[in-house]
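For ligands, and for the atoms within them, numbers begin at 1 and follow the listed sequence.
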Amino acid sequence: MGRSVLVTGGNRGIGLAIARDLAEQGHRVAVTHRGSGAPEGLFGVQADVTDVEQVDAAFKLVEEHQGPVEVLVSNAGLTDDTLLMRMSEEQFERVVNANLTGAFRVAKRASRGMLRARWGRFVFISSVVGLSGSAGQANYAASKAGLVGFARSLARELGSRNITANVVAPGFVHTDMTDALPEDRRKEILASVPSGRYAEPAEIAAAVRYLSSDEAGYVNGAVLPVDGGLGLGH
Ligand code: NDP
């Protein structure tokens, strides 16, 4: 009957593709949203990952509905781009709070059940820019790089209990986030991607499917790029 899965930000974009894919594999899949409701066929819980009380309440609902979370996909994230000289402390902290501290909040809450069950899968959605850096995205790149150190620490702390923590680092994916980029910036990006195209959200979901499977039990602390070769060498 599959695993109990929670995907943060699974109401749209990459998170939704991941949630649908895992549901198709026969898992019980819940998604967080911030008021939009859940797409049909998925169990939705409202939670902003910057609010620890909302996170706790969402986990309680998921546990009642489908049992303790066995697979956590920490996907919720946002950007707030500008050059360093113009970036306010508030802008830096807002992005780190959602992307990195948000991942900490949900992972800490999920670890309880995983430790009890002596089985678990953490998959953190980072980004190619967490490894390469990105002009105008110091806050975002720092938050995404932080996920690597965070996941690897979990791998070391929890690895002996059949719990793995891995990172997927997507390149450019067709979603609202990239649709918002200006046309000339999109052309520039495509010119630097060896595969010559954007990824589809389903291609990110396929990597998550593998890392959250039983078969991937010996893959721990890995960073899997799904970026069409954009970050080659990382
Ligand atoms: P979208 O902007 O399409 O969706 C973002 C998702 O995150 C939404 O579900 C949104 O919820 C949720 N979210 C944002 N902030 C919070 C918060 N504070 N609490 C809870 N949920 C929140 O993004 P993508 O699908 O493109 O991106 C998904 C992940 O993949 C992100 O972590 C992103 O950084 C990463 N990524 C994306 C790439 C791309 O090319 N698109 C490339 C590399 C990485 P709501 O609907 O309520 O706003």
Original post:
Among protein heavy atoms, which sits nearest to atom 44 (C) of ligand 1, and what does the distance come to when rounded to 0.1 Å?
Top reply: Ser126 O, 3.1 Å
Original post:
Looking at ligand 1, does Leu78 have a heavy atom less than 4.0 Å from it?
Top reply: yes
Original post:
Does one side chain, of Asn220 or Thr164, offer a donor that lies under 3.5 Å from an acceptor on the other?
Top reply: no
Original post:
For atom 11 (O) of ligand 1, what's the nearest protein heavy atom and its distance?
Top reply: Arg34 NE, 3.7 Å
**OP:** Could you find the nearest protein heavy atom to atom 21 (N) of ligand 1 and give me its residue, atom name and distance?
**Re:** Ala76 CB, 3.4 Å
Subject >> Inter-residue atom distance Leu6.CG - Arg109.CZ, 0.5 Å rounding >> reply: 10.5 Å
**OP:** Report, in ascending order of atom number, the atoms of ligand 1 lying under 4.0 Å from any heavy atom of Ala47.
**Re:** 20 (C)
**OP:** Tell me which protein heavy atom sits closest to atom 40 (O) of ligand 1, plus the residue, atom name and distance to 0.1 Å.
**Re:** Val173 N, 2.8 Å
Original post:
Under a heavy-atom criterion of less than 4.0 Å, does Tyr140 contact ligand 1?
Top reply: yes
Original post:
Any heavy atom of Lys144 sitting closer than 4.0 Å to ligand 1?
Top reply: yes
**OP:** Give the single entry among Thr79, Thr175, Ile125, Val168 that approaches atom 30 (O) of ligand 1 most closely by any heavy atom.
**Re:** Ile125
Subject >> Gap between atom CZ of Phe43 and atom CG of Leu61 - 0.5 Å precision >> reply: 5.5 Å
Original post:
Heavy-atom contact under 4.0 Å between Gly35 and ligand 1?
Top reply: no
Original post:
Looking at ligand 1, does any of its N/O atoms fall within less than 3.5 Å of an N/O of Asp48?
Top reply: yes
**OP:** Ignoring angles and geometry beyond distance, decide whether Arg12 reaches within less than 3.5 Å of ligand 1 through its nitrogen or oxygen atoms.
**Re:** yes
Original post:
For ligand 1, which part of Pro201 has a heavy atom less than 4.0 Å away: the side chain, the backbone, both, or neither?
Top reply: neither
**OP:** Looking only at protein heavy atoms, identify the closest one to atom 25 (O) of ligand 1 and say how far it is in Å.
**Re:** Ile14 N, 2.8 Å
Original post:
Among all protein non-hydrogen atoms, which one is nearest to atom 23 (O) of ligand 1, and what is the separation to 0.1 Å?
Top reply: Met177 CE, 3.8 Å
**OP:** Flag Gly9 as yes when one of its N or O atoms lies below 3.5 Å from any N or O atom of ligand 1, and as no otherwise.
**Re:** yes
**OP:** Output all residues satisfying salt bridge (Lys or Arg N to Asp or Glu O under 4.0 Å) with Arg156, sequence neighbours left out; order by chain, then residue number.
**Re:** none
Subject >> Selection from Gly13, Gly77, Gly102 by shortest heavy-atom distance to atom 5 (C) of ligand 1 >> reply: Gly77
Subject >> Distance-only side-chain donor-acceptor flag, Thr8 / Asn75, under 3.5 Å >> reply: no
**OP:** Scan side-chain atoms only and decide if Gln91 and Asp80 contain a donor-acceptor pair under the 3.5 Å cut-off.
**Re:** yes
Subject >> Residue that, paired with Ile204, satisfies side-chain contact (heavy atoms from CB on, under 4.5 Å) out of Asp227, Val173, Thr175 >> reply: Val173
Subject >> Under-4.0 Å heavy-atom contact with ligand 1, by part of Asn75 that carries it >> reply: both
Original post:
Which is it for Ala199 and ligand 1 at heavy atoms under 4.0 Å: side chain, backbone, both or neither?
Top reply: neither
Original post:
Which ligand 1 atoms, with their elements, are less than 4.0 angstrom from a heavy-atom of Phe172?
Top reply: 40 (O)
**OP:** Could you grab the distance from atom CZ of Arg94 to atom OG1 of Thr79, nearest 0.5 Å is fine?
**Re:** 8.5 Å
Original post:
For ligand 1, is there an N or O atom under 3.5 Å from any N or O atom of Ser36?
Top reply: no
Subject >> Lys60 with Glu63: basic N within carboxylate O range, under 4.0 Å >> reply: no
**OP:** Give a yes or no on whether a salt bridge exists between Asp51 and Arg105, defined as a side-chain N under 4.0 angstrom from a carboxylate O.
**Re:** no
Subject >> Inter-residue atom distance Arg121.CZ - Arg3.CZ, 0.5 Å rounding >> reply: 7.0 Å
Subject >> Minimum-distance protein heavy atom relative to atom 42 (C) of ligand 1 >> reply: Gly171 O, 2.8 Å
**OP:** To the nearest 0.5 Å, tell me how far Ser4 OG sits from Arg28 CZ.
**Re:** 5.5 Å
Hey, can you pull the donor-acceptor pairs under 3.5 Å for the side chains in residues 145-155, sequence neighbours left out?
residue: Arg152; atom: NE; partner: Gly221; partner atom: O; Å: 2.8
residue: Arg152; atom: NH2; partner: Gly221; partner atom: O; Å: 3.4
residue: Ser153; atom: OG; partner: Gly149; partner atom: O; Å: 2.7

**OP:** If you have a sec, work out which protein heavy atom is nearest atom 19 (N) of ligand 1 and how many Å separate them, to one decimal?
**Re:** Val49 N, 2.9 Å
Subject >> ligand 1 to Pro170 polar contact by distance, N or O atoms, under 3.5 Å >> reply: no
**OP:** For Arg209 and Asp21, indicate whether the former's side chain and the latter's backbone hold a donor-acceptor pair under 3.5 Å.
**Re:** no
